[in-house]
Amino acid sequence: MNLTIIGTGYVGLTTGTCFAEVGHHVTCVDNNPEKIETLLAGRIPIYEPGLEELVKKNVAAGRLKFTTSTADGVKSGDVVFIAVPTPPQPDGSVDLSFIEKVAREIAECLTPEIGYRVIVDKSTVPVKTGEKVAETVRRYAPQGVEFGVVSNPEFLREGCAVDDLLHPDRIVIGSNDDRALALMHKVYEPFVAPVLVTDINSAELIKHAANSFLALKISYINAVSAICEASGADVEKVAEGIGTDKRIGRQFLNAGLGYGGSCFPKDVKAFIAISESLGTPFGLLKEVERINGDQLERFLAKIREKLWVLREKKIALWGLAFKQNTDDVRESVAIRVAKKMIAEGATLIAWDPEAIETSKRFSGITEGIEYAPDMLSALDGADALVIATEWSHFANVDLTEIKKRLRTPLVFDGRNLLDPAAAAATGLEYHSVGRPAAGRH
Ligand SMILES: NC(=O)c1ccc[n+]([C@@H]2O[C@H](COP(=O)([O-])OP(=O)(O)OC[C@H]3O[C@@H](n4cnc5c(N)ncnc54)[C@H](O)[C@@H]3O)[C@@H](O)[C@H]2O)c1
Ligand SMILES: O=c1ccn([C@@H]2O[C@H](COP(=O)(O)OP(=O)(O)O[C@H]3O[C@H](CO)[C@@H](O)[C@H](O)[C@H]3O)[C@@H](O)[C@H]2O)c(=O)[nH]1
């Protein structure tokens, strides 16, 4: 089939590439000319494992194209996906101006000669957005054009987007239009996954409800981790003990510094705002946010307690990305930890396997930080090591190197990556989340 994606960011590029990989012909459109030039020059603007080779392969096969022209995209794609940003406004509600603009742009490109088009919202949007998109397209399109509107939320995770897209747990298609639905079934025919067909409003709600539930699971275990710290229990054992119940599941029960990234913080806020606007406030989610913020503060309090004063302290920081296997630092908790320590006068020597460049460009940290050339040299002469992102590089480190290189052998592990007993046996004083401290303290 001929498909078009409007918005070639994280979701647009990964989704478009995977659609091409399963045999569709895909045109990716973006209104940022630099991004399209980069892609046309064969470079990939984001780090995502496995993506670069798939882009190159599908461009070479003639199945994947990039353009800045929405008109070309609308002309060539029978199904037109919208994958533009839906950022939060200061009050937490969703800024839908990008979606509204694309709806108008698509409408202005439609003509009766082009024929029927399915307009699919892939961006994460509040319930009832599909209705607004349909109204907008109807208002701005010439008389006589035929189109259908569909909600098809995306559940990929950064860092494993290619696998998530090629092997999804489920595909959700929200549509009130049989013609659109038939075409959507053809789009997803090459994928082996359950397809859940719903009305548009339910599909939109599924996305916010899913992300908020996952954030709730993380906050739940983080609240439990505080109780573990107060009682001397071990949150890793508790997570295993509750997670082996199939009804609960072990995933998303990793206690740590709390959730970050471009999705959970904004989507929880959005769901709170949506529920309030519908007159059904969702107070539970406010608590999810509160716990998430407190988790970071409790971790910083541990650092302060041990280092006493952060001013003039040199701290090695491992991790800048919001999670492992990505260079994305949007809403990264690691960056928040860094900013707080710098504000208290510490100097950071930071290292991350992929996110140093993105941190330099997008974190907003301009002073108080140096970037180490490699993971181990970040440690040299530092007063403490803080681990802030769950990269496997840190979990697999030779502990004797940490002991040898730090000035004082203090480790604060915000992601529970190291083994407390092994750390103590190496002579480290080791503090993590929801587990008793180990070593000299
Ligand atoms: N990042 C994720 O992991 C993820 C996963 C699932 C869903 N989502 C949702 O998908 C949506 C997109 O997120 P993202 O992370 O890909 O955003 P992004 O910022 O990486 O990409 C959006 C792209 O849209 C382009 N754009 C904006 N207006 C445009 C227009 N009028 N015409 C053409 N291009 C335009 C921008 O230049 C940018 O390249 C959001 O609603 C997000 O919540 C994101
Ligand atoms: O047990 C856990 C799992 C995750 N996290 C943190 O939660 C955040 C989000 O992680 P993850 O969900 O793996 O990454 P995202 O790429 O943000 O993916 C989420 O957000 C996407 C955008 O909406 C959705 O498509 C995905 O399904 C959803 O998992 C990160 O800061 C993680 O460090 C934890 O603290 N503990």
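Ligands are counted one by one from 1 in listed order, and the atoms in each one are counted from 1 as well. Since we're looking at a predicted model, the values are computed, not measured. Residues: numbered from 1 along the sequence shown.
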Looking at K122, I'd like to know if its NZ atom is crowded, meaning that more than 12 non-hydrogen atoms belonging to other residues, nucleotides or ligands lie closer than 6.0 Å.
yes

Sub-4.0 Å heavy-atom environment of ligand 2, residues by chain:
E154, F155, L156, R157, E158, K207, N211, I218, F252, L253, N254, G258, Y259, G260, C263, F264, D267, F322, K323, E390, R415

Please list, by chain and number, the protein residues whose heavy atoms come under 4.0 Å of ligand 1.
I6, G7, T8, G9, Y10, V11, D30, N31, N32, K35, A83, V84, P85, T86, F98, V102, E105, S123, T124, E154, L156, E158, K207, S262, C263, K266, R330

For residues [X] and [Y], is any side-chain donor paired with an opposing acceptor at under 3.5 Å?
{"X": "D78", "Y": "Y116", "answer": "no"}
{"X": "N58", "Y": "E21", "answer": "yes"}
{"X": "W391", "Y": "D352", "answer": "yes"}

What's the shortest heavy-atom distance between [X] and [Y], and which atoms?
{"X": "T389", "Y": "R415", "value": "C-CG, 3.8 Å"}
{"X": "G130", "Y": "I200", "value": "CA-CG2, 4.1 Å"}
{"X": "F155", "Y": "V172", "value": "CE1-CG2, 3.8 Å"}

Pair listing, ring-ring contact (aromatic ring centres under 6.0 Å, His included) test, anchored in residues 72-103, at least two apart
F19-F81

K128 meets the salt bridge (charged side-chain N to carboxylate O under 4.0 Å, His left out) criterion, sequence neighbours left out, with E131

